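Notes to accompany the following structure.
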There are 2 protein chains.
Amino acid sequence: MATAEITRQSVVPDLDLDELDSVLGLHIGTVNTLFVTRLEKRLDPMSVTPKQVAILWLVNANPGVKQTDLSKFFQIERPTVHQFVRQLIKNGYLLNEPSKLDRRAGGLWLTDEGRDVLGRARLAIAEHETELTSSLTAREKSELFRILMKLYLSAPAKD
Amino acid sequence: MATAEITRQSVVPDLDLDELDSVLGLHIGTVNTLFVTRLEKRLDPMSVTPKQVAILWLVNANPGVKQTDLSKFFQIERPTVHQFVRQLIKNGYLLNEPSKLDRRAGGLWLTDEGRDVLGRARLAIAEHETELTSSLTAREKSELFRILMKLYLSAPAKD
DNA sequence: TATTGTTATACTCTATAACTATA
DNA sequence: TATAGTTATAGAGTATAACAATA
């Protein structure tokens with residue numbers, strides 16, 4: 001007897017999917033929503049969002065970093081980065097000190113409170129990731145990382 | 001000589017990632033954004049969004065389907081489904097015909113224009129998916145589907 | 001001219017709370 | 001009581017356009 005293949009069909013058995021489930025973007029989107037909504041709830045006590053934590057994380061490891069560099073790393077536009085930065089400054093987690101070498105640029109630093117929040121958020125993320133990937137073998141996990149990285153690095157330019 | 005490992009580090013070489021790149025959610029989010037923003041541009045001429053197309057797709061394959069079933073399939077709340085449905089009705093792509101068996105429920109149907117838009121959107125999606133996954137082998141593609149499905153089906157309940 | 005940061009605005013996707021109508 | 005749909009509201013993440021200040 002063959003092992004039953006596990007598909008999204010099983011969620012709503014009477015629904016004809018008409019090959020919608022062969023669209024990769026659908027599955028990436030669903031899994032992304034899964035990760036984000038679960039993590040948002042875990043981070044709620046720290047009053048930060050997943051993306052805000054990622055910003056804190058890099059500012060902590062790179063004191064004085066510019067918004068432009070964060071924009072490049074996350075592959076999002078500068079005004080988008082700025083929105084997170086503004087919120088984090090407003091909440092007292094981040095400081096913006098203008099650079100003395102290039103007065104256009106500003107360097108970002110964590111406050112003590114920002115460092116504390118980041119520490120707690122990292123623990124929450126570690127738990128969250130462990131929980132959501134517990135069904136995967138070590139090999140599946142590393143394959144997933146490798147394939148996502150390949151997709152990311154080979155993506156055609158935006159325009 | 002070893003093959004250089006390809007990582008996100010290479011995008012901004014001077015940035016210390018401090019193991020942020022070992023967070024799976026980061027990569028899923030980035031690849032998701034990549035897929036969504038590219039697809040949105042391709043669908044722009046048809047005046048539909050990715051999620052709207054997914055709704056049209058299932059309504060087309062399941063004439064008279066209820067919003068509740070779409071909610072279950074996509075794992076999103078009913079008001080969220082409703083928002084897409086309302087927009088699609090407003091744009092003339094969808095019709096809502098109240099059920100005669102259960103007057104609480106409504107059945108959804110495509111208009112001729114909705115069918116036309118869906119047809120063109122499916123072609124756009126096919127091109128888009130081919131382009132974004134062209135760097136993957138057939139085996140990598142099927143592994144990716146399988147692993148994402150595993151993550152999706154094993155996810156702990158929301159609350 | 002090019003770069004950095006900023007402001008204003010808008011869009012997509014998602015959620016919760018509270019309601020109506022029907023079963 | 002429970003289900004189907006709806007309305008109102010809000011929040012997270014993203015984008016583009018346009019601008020000031022500086023290089």
Side-chain angles (χ1 to χ4, degrees), chain A residues 25-26 28-41 43-44 47-55 64-72 74-91 94 96-108 158-159, chain B residues 25-26 28-41 43-44 47-55 64-72 74-91 94 96-108 158-159:
Chain A
L26 173 78
I28 294 176
T30 302
V31 170
N32 181 240
T33 299
L34 202 77
F35 269 68
V36 171
T37 56
R38 299 294 194 291
L39 183 54
E40 278 172 351
K41 278 179 187 156
L43 294 178
D44 203 48
S47 300
V48 280
T49 67
K51 209 67 191 237
Q52 284 174 7
V53 175
I55 303 270
V65 69
K66 292 185 298 178
Q67 292 180 37
T68 296
D69 287 337
L70 299 177
S71 163
K72 277 180 198 145
F74 290 114
Q75 303 266 95
I76 56 183
E77 298 298 321
R78 267 179 304 132
T80 305
V81 170
H82 183 71
Q83 186 182 253
F84 300 123
V85 166
R86 187 174 6 115
Q87 197 67 36
L88 288 166
I89 290 173
K90 185 184 141 203
N91 291 348
L94 222 54
N96 190 343
E97 190 82 16
S99 164
K100 278 166 187 164
L101 295 172
D102 179 348
R103 297 205 324 273
R104 290 172 303 186
L108 298 171
K158 210 155 94 185
D159 34 311
Chain B
L26 172 78
I28 294 175
T30 303
V31 170
N32 182 240
T33 300
L34 202 78
F35 269 68
V36 170
T37 55
R38 301 294 195 291
L39 183 55
E40 279 173 350
K41 277 177 188 157
L43 294 177
D44 202 49
S47 301
V48 280
T49 67
K51 208 67 191 236
Q52 284 174 5
V53 174
I55 303 270
V65 71
K66 291 186 299 177
Q67 292 180 37
T68 296
D69 288 338
L70 299 178
S71 163
K72 277 180 199 145
F74 290 114
Q75 303 266 96
I76 56 181
E77 299 297 322
R78 268 179 304 133
T80 306
V81 170
H82 182 71
Q83 187 181 251
F84 300 125
V85 167
R86 186 175 7 115
Q87 197 66 37
L88 288 165
I89 290 173
K90 185 184 142 204
N91 291 349
L94 223 53
N96 189 343
E97 191 82 16
S99 163
K100 278 164 187 165
L101 297 172
D102 179 347
R103 299 207 320 276
R104 291 172 301 186
L108 298 172
K158 210 156 95 184
D159 35 315

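Excluded from the calculations below are hydrogen atoms, water molecules and symmetry mates; all remaining heavy atoms, backbone and side chain alike, are included. A quick note: this is a predicted structure, and the numbers were derived from the prediction, not measured. Order of the sequence lines fixes the chain letters, A, B, ..., with proteins taken first and strands second; residue numbering starts at 1 for each chain.
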Distance check: side-chain N/O of B/Lys66 vs OP1/OP2 of D/dA4, anything under 4.0 Å?
yes
Separation of A/Lys51 NZ from A/Glu40 CD (nearest 0.5 Å):
12.5 Å
Would you say the side chain of A/Phe74 lies within less than 4.5 Å of the side chain of B/Thr33, judging by non-hydrogen atoms?
no
No-H, no-angle donor-acceptor pair, A/Thr80 side chain to D/dA15 base, under 3.5 Å
yes
Nearest-Å distance for atom pair CG/P, residues B/Leu101 and C/dT22
15 Å
Under 4.0 Å between any heavy atoms, over every strand shown, what does B/Pro50 touch: base, sugar-phosphate, or nothing? Just pick one.
sugar-phosphate
Looking for any heavy atom pair under 4.0 Å, which part of the strands does A/Thr37 touch: base, sugar-phosphate only, or nothing?
nothing
Heavy-atom pair of closest approach, residues A/Arg38 and A/Leu34:
CG-O, 3.0 Å
Note: for B/Val65 and A/Arg103 on DNA chain D, the residue whose nearest nucleotide lies more 5' is B/Val65
Can a side chain N or O of A/Gln67 be found less than 4.0 Å away from OP1 or OP2 on C/dT6?
yes
With respect to the side chain of A/Pro79, which nucleotide from D/dA17, D/dG13, D/dA23 is positioned closest?
D/dA17
Spacing between B/Lys90 atom NZ and D/dT7 atom P, to the nearest angstrom:
13 Å
Should A/Thr49 be listed as having a side-chain N or O under 4.0 Å from OP1 or OP2 of D/dG13?
yes
Return the value, rounded to whole Å, for the distance between atom CD of B/Gln52 and atom C1' of C/dT12.
9 Å
Does a side-chain N or O from A/Lys51 land closer than 4.0 Å to OP1 or OP2 of D/dT14, or not?
yes
What does B/Gln83 touch in the nucleic acid at a heavy-atom separation under 4.0 angstrom: a base, only the sugar-phosphate, or nothing?
base
For the residue pair A/Leu108 and A/Leu70, establish whether any side-chain heavy-atom pair is separated by less than 4.5 Å.
yes
Rounded distance (Å) that lies between atom P of C/dA8 and atom NE2 of A/His82
10 Å
What is the distance, rounded to the nearest whole Å, between atom CG of A/Asp44 and atom P of D/dA12?
9 Å
Side-chain donor or acceptor of B/Arg104 under 3.5 Å from a matching atom on the base of D/dT3?
yes
Atom CZ of B/Phe74 and atom C1' of C/dT14 are separated, to the nearest Å, by 14 Å
Round to a whole Å and report the spacing from CG of A/Asn32 to P of D/dT14.
9 Å
If only atom types and distance count, is the side chain of B/Ser71 paired as donor or acceptor with the main-chain N or O of B/Ile76 below 3.5 Å?
yes
For a quick check of understanding: with a heavy-atom distance under 4.0 Å over all strands, which category does B/Ser99 fall into, base, sugar-phosphate or nothing?
nothing
From CZ of A/Arg78 across to P of D/dT14 the rounded distance in Å is 16 Å
